[in-house]
Every structure is written in structure tokens, then in C-alpha cells.
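Lettering follows sequence order; numbering is per chain, from 1.
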Amino acid sequence: MKVWASHLAVVALLLALGFLLPPYHATNMARIMVLAVFAMGYNLAFGYTGLLSLGHALFFAAGIYAAGLPIWHWGLGAAPALILGLLGGGIVAGVTGLLALRTAGVSFMIVTLMFAQAGYLTLLYFNGVTGGDEGFALPASGRMLFGADLSTDLPRYLTAWALFSATFLATLALVRSRFGRVMVALRENEERARMLGINPFTAKLAVLVLSGAASGLAGAAYGVLFGYAGASFATIQYSILPMLYVLLGGAGTVAGPLLGAVLMFALIEVANDLTSAWLFIVGAVLVIVVLFAPKGILGALRDRFFRGLP
Amino acid sequence: MSLLEARGLTRHFGGLRAVDGVDFDLAAGEIHALIGPNGAGKTTFVSLLSGRVPVQAGSIRLVGEDITRLPAHARVRKGIAYTFQITSVFPGLSVFDNVALAVQGGRGSARDLRGAVAAALSRVGLEAMASDIAGTLSYGHQRLLELAMGLALQPRVLILDEPTQGLAAGEIGNFKDLVRSLVPEVAVLLIEHNMEVVMDLAHRITVLNFGQVLARGTPAEVRASPAVQEAYLGA
Amino acid sequence: MAFGPFLLLALMEGLVTAAVLALAASGLSLVFGVMRVVNVAHGEFFMLGAVIAWFVTGMVPGPAWLAFAVAVVVAPLAVAALAALADALVLKRLNYDPEATIVATIGLLYMLQQAALTFYGPDARPVAAPFDLRLQTPWFGYSGYKLFVVLAAGVVLAGIWALMTRTKAGLVMRATQVDRDVARAFGINVDRVYMGTFALGAGLAALAGVLIVPITQAHYLMGGDPLLLSFIVVIIGGLGSLRGTLVAALVIGLSDGVISMFFSPTLAKILATLLVAMVLVFRPQGLFGTRSP
């Protein structure tokens, strides 16, 4: 119960921030929450199940385009577009997983990287349909949700908050369920899990589909809330981003992805006053976290103080 | 009909005939020991039974059903449980979670997860340690946890690979009582080097040598067999 | 232009690509083979080679060939030193854990890219070829420098081959590749072997960057394509197999030259990346893979 209470407090705090923050920071916070949804999806695969993927940009982009293209070409509304994004990410992750999950470790990383790269190049190749490198702006008709205009501050924040909260609490429920226990078992010792009657392939495939669905939802939300879709969302940078948030905040913790995203945004914001070299900061944080805090911030705190933290 | 039946089971690694045409029957409710010198193929043989190593030739039947091509996890769900020679619990998880994983993956429907875990833990005497992290347990307790995980699978056949290795003399006595209490609901296949444990527990013994069956029978018969004495007991 | 010369041109361009690729990919292959480290920053070492060559040729007075000769020596050495530093400060502390080192080299990639952007700038800049020679036949003409690149790459690769198979250093590297604990037990200084291997791999990438810069110009983002192509070559050739890497570089380089000339280069890249993924899934030893170096 304490666990649920503390996580619900995070959700409530974020809701309050929507009404307290000035517009510039509110927009940033909305962006953070959407990217945290992406990172939470990534965390299911990497943090809980031990599947280190370098191709999650593919699932994020699948969500953006599954939502964005019907809006652009056929004038679809935001609500069905978000659902399409969720499905798009899940389906693409399922197909990828069917092949990639025959490998493990370094091979799995490279296979997912290659699939994502092929996806990115495919978006460029069919630029007549996808808008290619330049992408496209989502028309206003596709940015209306239940009568609210998502290009305005408060509706945008509240939509991001709702999607974040749903994913956040669903993750908490999942990792505390029987299946959550199986995920951790696969991460810790796959062969032992197999000898307890667990089918590693189907279990990992299910995780990857869930992870891809969350990533796709995040992608769709990003497109709908901020009004732009482009092939750059399928580049390797967008595979590294959720990994960075998860590593920094704490892999295999429910709140780690949010914490990592907030910290990275804050860091780049502060550094922006000093230098424009934000890529350097991303790189340096990756190296420093891997070297000195491989379990991330919440992971280190859990080891020391809160043993039961999910 | 025997519970578990293997016919002509074969597995070669390169030129090495690890298991070479072995016939084997495990009867319901028996404790059957598998012995033989180092490298005789005992571990490979039970790996074939449990599905960890694919069979090259021969067949395996469980209660008459052909399971030769079934993957390992599916065999576990059919009721063949394997406990590892080297203790292989999940060190980062609690004792409860370790056993809960076995309950979830096993044969029972496990509606009452907590009850099933508690039952398996009390069977081996670890009920007080349910919330401990498995990696912090003593070696003897980890072996008991391993056994509890095997029991929680609710198996028909429980394969124990060198279960007494590394246990203190006092712990071995408790362990023997525990294994005896499992039959006749479960049939136990035991790989064991400790002859005292084998002679004391086993109803029947199969002796492997160079991947083939050298002898088979009651402890008394095996002890009396000149071939076994020559190859193995060294008497 | 008639078809014959056109195809010959495509093959020549492919041969140049193959030569440069073989250099860069053999560096990646060496590092993976000996250290089991997938160096994602490999393309940035290539880029740094080109960028440093631009700085060096700008600073050295005198004829173009002299400035370029200095760059050929200085740039790979500087990059190798940087790689050795990265090995000591980062990779060694990670105990060469395969997954952690990938994450760390991704970080390194970003840092190097940003450093190049900050100190070198966003523009593509040319470096003069060391000599201006054009081979001309009545029906076909070709740049002498490009032929020089092919020749130079061949000589260096032959040198690497000899190093690995004929020298004590190569023997030590191969021993470490087979089993680092056993190598250590036999008194091999594994840390030094790893540092040397990582520096050598980076130096090869940098040399490839120097050789290509008179043809393509130096740019801070130029490391992406060689990284991807090197990956493709190393995986199709069989992870860690130097011989497979060379064969694959030739195949990929030539087919890239020909396919890009007749079809869309994007389509060619899509097919190549998918091929890599499929090779890893269904034939992890590579298409030409043998286990020997």
C-alpha cells in the first residue's frame, strides 16, 4: 500500500504542476512526460527483462507515423490516432521480436539497431508518402481531443499527464504481478527460468510487444501534442534517448524513467546557458552513469534504503 | 506401464559418446539412483530427459506420451522437474519470489499462490525465511530452497542432480528424511556420488559407464555385481 | 558514355570504397575479435582522422605531397593515442563488459562528434590530394590518387595480416582472443594487449579517414556511414574473423559501387541493413565466416 501511495503522490504532484508552472516550463514538462512514457516502455524490456535494445526509435516512429499519416492524409481525429499509435508500436515490436529474439546480448543489440536503421531508411525511401527527412506538420483537425485544442497549453499538459499516469500506474501493476516476476526471472537467469516451466521466447516477445506499444503511444502523443512528424524520430538518437533516461534514473524501477528524463532536461537547460554543446553532455552522462552508477539513481537508492521499491 | 520410459537414448558430442543407446524405466513412486564414475554420462542423460540437451536418437515417453521433441519448459509443465547440480536460485529475489516462480510455472493451476508457496517452504523448513533475499542464505539453505522450487512445480518426476554435494553431515540426515517423505506421490531420480545416501535411499539403482548401462537392480544386487565392482566401486 | 566504360567506372569506384572500407572494418573487426568490444565510436575515429588531416595539411608549409605525408602519419597516431586514453579511462574500468562498453562507446561517439562540431565547425572542407595525376587511355580516364588509395590500403592490410600471423605481437593478440584468462596465466599483459588493440583499431579507422578526405572532404558527421558499412562488413564476414572481413569488404564495396550507380543508394542501404540483421539471426558465424584470424 505504501508503494501505491508514493506513486500516486507522484501522479498528483505532476497534475498540480500543470496549474502552477509558467507556460514555458509547462510545455517542457509535457514533453518530459511523453518521453517518460517512451522510457517506461523501454524500461520494461531493458530494465525489467534485461533486453538491451538499440532499436526502440523504430517503435516510437511507428507510433508517430501510425498516428500522423492518417491524420495528414485522411483527416483522422486525435483519439483514434493515439490508439493507432499504440497498436502500430506494438505490432512493429512484435514482428521485430519474432526475429530479433532468436539472438541475445550483443547480437540482439545489433539486430535491433539494424532493424531501426532499415526502418529509418524506409521512411526516407518512401518520402512521397511519409514526407521523408523534412517530415510534415500535423493539421489542426488532427490535434483536437474531445473538443479541446491540443496545441494550447493546458489541454496539452493534461493529455500528456493522463497518458503518463496511465502508463506509470499500469507499469507499477505489471511489475508487481505474476508476469512481472517472470520478467525479472528472465533478466536474472534465463536458463533457470526455463527449467521452472517458463517459455523464454514467448514471455520476452510479450514484453517486447508491451514495450513497443508504450513506445508507439509515446510517439503518437508526441506527434499529436507537438504537431510534427519526421524521419528524424526514427534515427539512432531516439533509441539512445530512452536508454539514457532509464540508465540515469535507474533501470528496473518504476519511477526511474521519469526521474532520468527530468534530470536530463534540467541538465541540458542549465548547460544551455553555458554552452550549446548538449550532445557532449548526453555523451558524458552516458559514460559517467555506466562507469560510476550502473544501477542509476533510484537503483542505488533502492540498494541502500528502500529494499522493496518496485 | 512405467512413469517415465526412455528407449535407445543417444547423444554424442563430436566423437565422444556421452550417452549411447540407453534404455531406462522409472516406476511410479520409486526412488531411483543413477550412479557411475565421473564422465559416465549421468548429467547428460538427465539433461536429455529434462530437455536441456536435444536428443539425437531414441525416444522418451512420460505416462505413455511421446515427449522426445518437447522443449524443456514444456516438459516442466508436463511434470518433469530438474534441480540444478550447482545451486541456481535467483540470488537477487526473495525466497518467496523464487518459489512463487516455480508455482506459477508448474503443473498446478496455483490459484492460491501464497498458500502453495507456504506449503513448499514449510515442507523443507524454510517458512521463516520467506522474505529473505535468496543470495544471502547459507549454502545449505540455498540447496533446500532449490528443492522447495522443485517441489513447488508439483512434478510427477523430480530429478535431483547431486543434491547432497556440499552439505554438512547433519544436513544430509534431514535431507534423506525429506526425500523419503516425497514418495510415493512423486518419483525421484537421483544422481548421487555419496554411496551411503544412495544405498540408504534408493529402491533401484542404474549404473552408467561410458554412456551405457552397466548394471541395474536393487542396492543389494548392484553391490554384488562383479562388473560394477570392477568398473566403479574399485573393490 | 558507352556501357563498358560506365561499368568499369562503377567497378573502380567500388574498389576505392572497398579499400577504404576494408581498412576501417578491419579495425572494428580486430577490436571485436580480440576484446569482444563492439566499438560504436569507430566511425568517429574515422571522422577524426579526416578532420585532423585537414588541420595538419593547413599547418604544414610546402608542397601538397609533403603536407599530406605528414597527415598520414600524424592523424592515425593522434587518434590511436586518444583511443588508448579512452581504453584506460573507460573501457578498462568497465572490465570490457560487452553491453556496458557499447553504452559507453555511444557516449564517446556523442562527445567526439560534439567536439568536432565545436572546434572544427559544421562545414565540409576539402584537403588537396598529394598529387594530381590522371591516368588516361583513349576511351577511359581515371584519377591516379584513387588508384593510390587502393594500393595504399592493400599494403597496409597486408602489413596487418603479417602482423597477426607472423609476429610475436600477433601471436599474443590471438592468444588473448582465444582466452584472456589463460593468456594472463601465461604471463601476457592483457591490459596492454587490449590498449594496443584498441589503439590499432582506431588508428586504422583514422588512416581510412585520411585517405578518403581528398576525395570526399572532411565533415563532422562523416563517421555515420563508415560505421554502418563497417558493421555490415564485419557481421557478414563473420564477427572477429579478419579474413571474412576482407572478403566481405570487397563484396560490399564493389556491389555498393555498382548498385548505387544503377539503383537508389537508399534502397541499397535498406537491403544491406536487413541482410545484416538476417545474417545475425540465422547465420551468426557470418556468410564467409571462418574462425581463424
Side-chain angles (χ1 to χ4, degrees), chain A residues 1-3 46-50 98 101-102 104 172-207 250-254 256 294-296 298-310, chain B residues 46-47 49-53 70-94 96-108 110-111 113-114 116-117 131-136 145-146 148-155 158-159 161:
Chain A
M1 278 307 101
K2 238 167 74 181
V3 168
F46 167 55
Y48 285 99
T49 320
L98 279 176
L101 286 172
R102 291 160 182 268
L172 183 59
L174 178 68
V175 302
R176 288 165 67 82
S177 72
R178 290 184 180 196
F179 189 66
R181 196 177 281 129
V182 170
M183 288 160 61
V184 174
L186 287 170
R187 180 188 73 195
E188 296 284 314
N189 186 342
E190 179 173 328
E191 178 59 13
R192 188 67 183 99
R194 198 159 71 97
M195 295 316 288
L196 292 177
I198 293 161
N199 183 341
F201 185 80
T202 54
K204 287 194 285 190
L205 189 61
V207 170
T253 62
V254 175
K295 290 182 174 178
L298 281 182
L301 285 177
R302 168 162 62 185
D303 282 358
R304 261 169 236 162
F305 306 110
F306 315 107
R307 275 233 154 261
L309 192 74
Chain B
V46 296
S47 296
L49 293 182
S50 66
R52 299 183 69 207
V53 173
L70 227 47
H73 56 84
R75 292 190 205 187
V76 174
R77 289 187 179 269
K78 295 263 179 205
I80 300 181
Y82 175 84
T83 69
F84 284 67
Q85 178 177 5
I86 299 154
T87 298
S88 177
V89 299
F90 297 101
L93 302 186
S94 70
F96 177 90
D97 281 339
N98 269 278
V99 180
L101 277 163
V103 173
Q104 287 172 216
R107 221 154 52 87
R111 270 177 203 284
L113 187 68
R114 290 189 171 277
V117 172
S131 57
D132 290 14
I133 299 297
T136 65
L145 174 57
E146 179 90 39
M149 290 161 78
L151 294 178
L153 289 167
Q154 301 196 354
L158 180 59
I159 301 172
D161 197 346

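Contact detail for A/R181 and B/D97: the closest heavy-atom pair is NE-OD1, 2.8 Å. Closest approach of B/A72 to A/M195, counting heavy atoms only: CB-SD, 3.8 Å. The two residues B/V76 and A/G197 come nearest to each other via the heavy atoms CG1-N, 3.4 Å. Of all the heavy atoms in B/L153 and A/L196, the pair that sits closest is CD2-O, 3.7 Å.
Proximity of a side-chain donor or acceptor of A/E188 to a complementary backbone N or O of B/L93 within less than 3.5 Å is not detected.
Contact annotation for A/V182: both backbone and side-chain heavy atoms come within less than 4.5 Å of a heavy atom of chain B. With a 4.5 Å cut-off on non-hydrogen atoms, B/S50 touches chain A through its backbone and its side chain both.
Note: A/R192 CZ to B/F90 CZ = 6.5 Å, rounded to the nearest 0.5 Å. How far CG of A/N199 is from CZ of B/R77: 8.5 Å, rounded to the nearest 0.5 Å.
Under the salt bridge (charged side-chain N to carboxylate O under 4.0 Å, His left out) criterion, A/E191 pairs with A/R194, B/R52, sequence neighbours left out.
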